[in-house]
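Below is one structure, written out as C-alpha cells; comments come after it.
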Amino acid sequence: MGEAMSDEGERVNSLMSLLKRRGIIFPAFSIHGGVAGLFDYGPVGGRLLRKVQNQWREHWLSKGNIVEIDSPTITPHSVLEASGHVGAFNDHASECGSCNAIFRSDHLVEDYHSNPDSLEGPELDSIITSKEVSCPTCSGMEWLPSRPMNLMFSTIIGATGGGRQAYMRPETAQGMFLTYPMIQRHFRNRLPFGAIQVGKGYRNEISPRQGMIRQREFNMAELEYFIDPEQPPVHNLSKWDDTKFLLIPDPAGKTSESIQVTIADALEANIVRHPTVALFMAETYDFLIGIGADSSKIRFRQHESDEMAHYATDCWDLEMLGSYGWIECVGIAHRGCYDLGAHEDATKSNELRAWREFPEPVEVDKMVVAPIGSVVGPTFREHAGLVSDALLNMKNLPSNFPFELDLNDGSNVTIEEHMVEIKQVQETIRGEWFLPHVVEPAFGLDRIIWHILDHGYEMTEKQGEEYLILHLAESVAPYEVVVLPLFEKDGMNELAEQIRSKILTLRGINAYYDGSKSIGRRYARADEIGVPWAVTIDHTTTEDGTVTVRRRDDQTQIRISQEDLITHLNENSLHSLF
RNA sequence: GCGUUCGUGAUGUAGGGGUAGCAUCAGAGGUUUCCAACCUCUUCGCCCGGGUUCAAAUCCCGGCGAGCGCACCA
C-alpha cells in the first residue's frame, strides 16, 4: 500500500464518489470496461453543464454585437492544415531503447536543425543517428524509430473508401473563422463584432490524467472577437475599478512577481498589452464569479514569450485553484490576423477581409499609360492582356518611345508610341481592405465545472456524522428547488405535488418532489446535489397555505405564502427574504 | 507509453481455491409535527477474456480501467 493519501487526494476521491453516486459526472462506458478520458454528465450533471453553457452564452450575447454559430465537429484535412493544427498536432516521438523514455523527436534535434518541426520521421531519425544524440535520461543512443503522435482523432469522410481525410476538431474556433464572411454580412460589415460557439472538441491524449482535467472529448466555449487593428476599441473598464486581479506577468517582461492590480491599471502599465484582452479578462472573471467560482482561487498568468503560440501577441491563461493545484481553465489570446490570414493564404479567398473607409476619400490624380485596345490587341494577340496590365501598372511614365516593357510572365515586349495614350485620370480611393485582428477567449467548460464543484464542495459534520454540501450557485444548480411534504399524509403530499407543479410552470425553474424517509434525510440529499432552496409543506400549510423555505447554505428557514414563493422564485429573489 | 500499487453491490470497505460479509445509500411498509432517528421486509456485487484445477472472486497470463512517479500535454 502507498503512503497516506494527501488531504487533497482524499478530497478528490470523496468528491468523485459523490459525483458518481448522485449522477453528476462519472467515467463513460463503464459497463464495457470504460475508456480513459471520456466522461458522462448524468441526470443531475447534464443540467449543470447546460446551465453553465447557457450562462456563458448569455454572458457574451448580452454584449449586443456577438452572435452564436454552430459548426460541424468533423473537419477536413485542408482546414486544419491551413490553421496549423496538422503540423502542430503531428509531432514525432522517439523512444530510448534502453530506458524507454519518450521525447519529442524535434526537441532532440533542435541543436542540429533550424526548423526541426518541419521534418518527417526518416529525416529526424537520420539526424538523431548521425549527430549521435544521446538520451537525456540515461545517455544511451539506442533510439527506436520515431513514431508520429497525432493528437487529433482521424476519420474519413465517405463510407465507400477513397474518401477525404478529416479530423474531429481540436477546437471550435475554426468554425468562426470559416464563417467569417457570413458573420461580417450579418453585422453589415461593421467591426467590431464577435461570434461564439459552444460545443465538443477532441484531442487524442496520450495519457489522460487527473480526472476530468485532461479529457479526450471535452466541452469548449469560444469567442472570436474581430477588431480593426488600426482602430483599437476603447473600453470602459471602470466597472472593475474596485476589483483587484491577481496577475502573474510574463517573467521575460519587466515584472515577474505576482501582483494585485485593477485591470485598468494593468492596461495602463502595459502589463496587459491590449485593451480588448483586458476587457475580456475582466468579463471572464465576472462570468466565473457568476457561476459560483471562488474569487480568491482565480488568477491570470501571462504566457512567456517562448510558450506563446507563434501567432499570439499577448496571451493570458486564467487559472483556477482546486484539488489539483492551479489549472488552466481559460485562455485569452490576441491572435492578430493569423487565422484569417492562414485561411486566405490557403484558399486564395477574398472574403476574409474587412473594409476600412478612410475618414476623407483620397483623390489621386495621376498620369497613366493607357493601352489602345485596337492596336495592342492585334499586335500582341494572346499576350495583349498581360501587356495592358503591365502598362497600367507602370510606376513612372516612359521617357521616350519605343521602350521595353517587362511582363508578368518574365518576357518583355517593345511598346511604340502609337500603341498607347498618355492621359490623366482622377481616382478616388475611399478605403482599403484589411485582415481583421482577433481576440479569442477560449473556455474549457469541463475544467471550469470541475472547479466550481470543487470550490463549492463542503465536507462538514452534523451530529458527529459526515455531512456533504455542494454550494452551487443558483445560476447553475441542476435543481433550483425541492418540494417536501413534512409527512406523506393528511393532504400534505397532495399539496406538495400541487405546489411542485405550479413551480414547474415557471420558466427555467426545475423542481422535484421528495417524500420518502425523514425530513432531515431529504434535506441532506438535496444539499448533496446543491439544491439551493427547499420548500416544506407542513400542517400549517394545510391551514393557512404558507410554506417554509429553507436556504441550503446556512440551513435557516422562513415562512411565506405560496404566492410570494412563486413570485420570488420567478424573480430569482428569494435571497432578499433572509 | 514505461514503472508501480490496485480493481468485491449505487458508495465505502472485509475476506482470499469450495455458501462473499459489513456499513452507508436506494425501494416497500410502519412509525415520526423540520435537519441523515427507529422497526420490518426487499433489490443490487467479486472489471473482462484465456489458462491451471474436480472446483477460480481468490493462483497464472493478457486486456480494460483507476491512483501515484517518469515521459507527454501546440
Side-chain angles (χ1 to χ4, degrees), chain A residues 1-3 5-6 9-10 12-14 16-23 26-38 42 80 83-91 93-96 98-104 106-107 117 135-138 144 147 149-152 170-171 203-211 213-216 303 306-312 315 328 331 461-469 484-490 492 516-528 534-542 547-550 552 555-557 559:
Chain A
M1 293 303 261
E3 52 196 88
M5 196 176 296
S6 69
E10 286 189 30
V12 170
N13 287 348
S14 168
M16 282 289 207
S17 97
L18 168 69
L19 297 180
K20 243 196 259 188
R21 185 159 41 83
R22 300 307 308 272
F26 40 87
F29 309 118
S30 60
I31 69 167
H32 279 267
V35 180
L38 300 178
L80 293 161
S83 68
H85 286 94
V86 170
F89 279 74
N90 259 325
D91 295 318
S94 295
E95 183 173 347
C96 171
S98 49
C99 76
N100 294 321
I102 294 194
F103 303 91
R104 289 224 344 222
D106 55 325
H107 288 178
D117 212 17
C135 170
T137 302
C138 72
L144 303 177
R147 289 168 298 181
M149 38 170 217
N150 188 344
L151 293 186
M152 290 194 291
E171 60 173 29
R203 271 188 213 177
N204 207 351
E205 294 283 355
I206 295 165
S207 157
R209 284 283 172 89
Q210 298 180 301
I213 301 297
R214 270 173 70 194
Q215 299 186 54
R216 289 190 162 122
H303 278 207
D306 61 353
E307 176 189 16
M308 203 137 63
H310 49 291
Y311 44 77
C315 190
E328 174 195 350
E461 278 196 1
K462 212 177 222 182
Q463 264 123 51
E465 232 186 308
E466 183 180 62
Y467 197 90
L468 306 175
I469 307 176
L484 314 167
L486 190 54
F487 301 107
E488 285 191 299
K489 62 178 186 187
D490 301 339
M492 287 182 275
S516 76
K517 300 271 166 76
S518 75
I519 188 74
R521 174 168 297 201
R522 286 176 274 155
Y523 287 141
R525 283 199 282 237
D527 288 342
E528 267 193 0
V535 171
T536 306
I537 282 58
D538 58 16
H539 289 94
T540 310
T541 313
T542 61
V547 298
T548 66
V549 178
R550 170 190 183 268
R552 174 199 63 205
Q555 289 144 54
T556 57
Q557 273 180 318
R559 179 171 282 278

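Labels below follow one simple rule: chain letters A, B, ... track the order of the sequence lines, proteins then strands, and each chain is numbered from 1.
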Using OP1 and OP2 only, check whether a side-chain N or O of [X] sits under 4.0 Å from [N].
X	N	answer
K20(A)	A10(B)	no
R521(A)	A37(B)	yes
S518(A)	A37(B)	yes
Q463(A)	A36(B)	yes

- Query: In the structure shown, which nucleotide is the Watson-Crick or G-U wobble counterpart of C54(B), with both distances under 3.5 Å?
  - Reply: G18(B)
- Name the pairing partner of U4(B), where a pair is Watson-Crick or G-U wobble with both distances under 3.5 Å, or state none. G67(B)
- Item | Separation between the C1' atoms of G7(B) and G45(B), rounded to whole Å | 13 Å
- Out of A26(B), A36(B), C34(B), which has the shortest distance to the side chain of Y523(A)? C34(B)
Under 3.5 Å donor-acceptor pair, [X] side-chain atoms to [N] base atoms:
X	N	answer
T548(A)	C34(B)	yes
Q557(A)	C34(B)	yes
R550(A)	C35(B)	yes

- Item | Interatomic distance, I31(A) CD1 vs U8(B) C1' [rounded to whole Å] | 18 Å
- Task: Under 4.0 Å between any heavy atoms, over every strand shown, what does R21(A) touch: base, sugar-phosphate, or nothing? Just pick one.
- Result: sugar-phosphate
- Message: Please check this pair: side chain of R522(A) against backbone of L486(A), looking for a donor-acceptor N/O pair closer than 3.5 Å.
- Response: yes
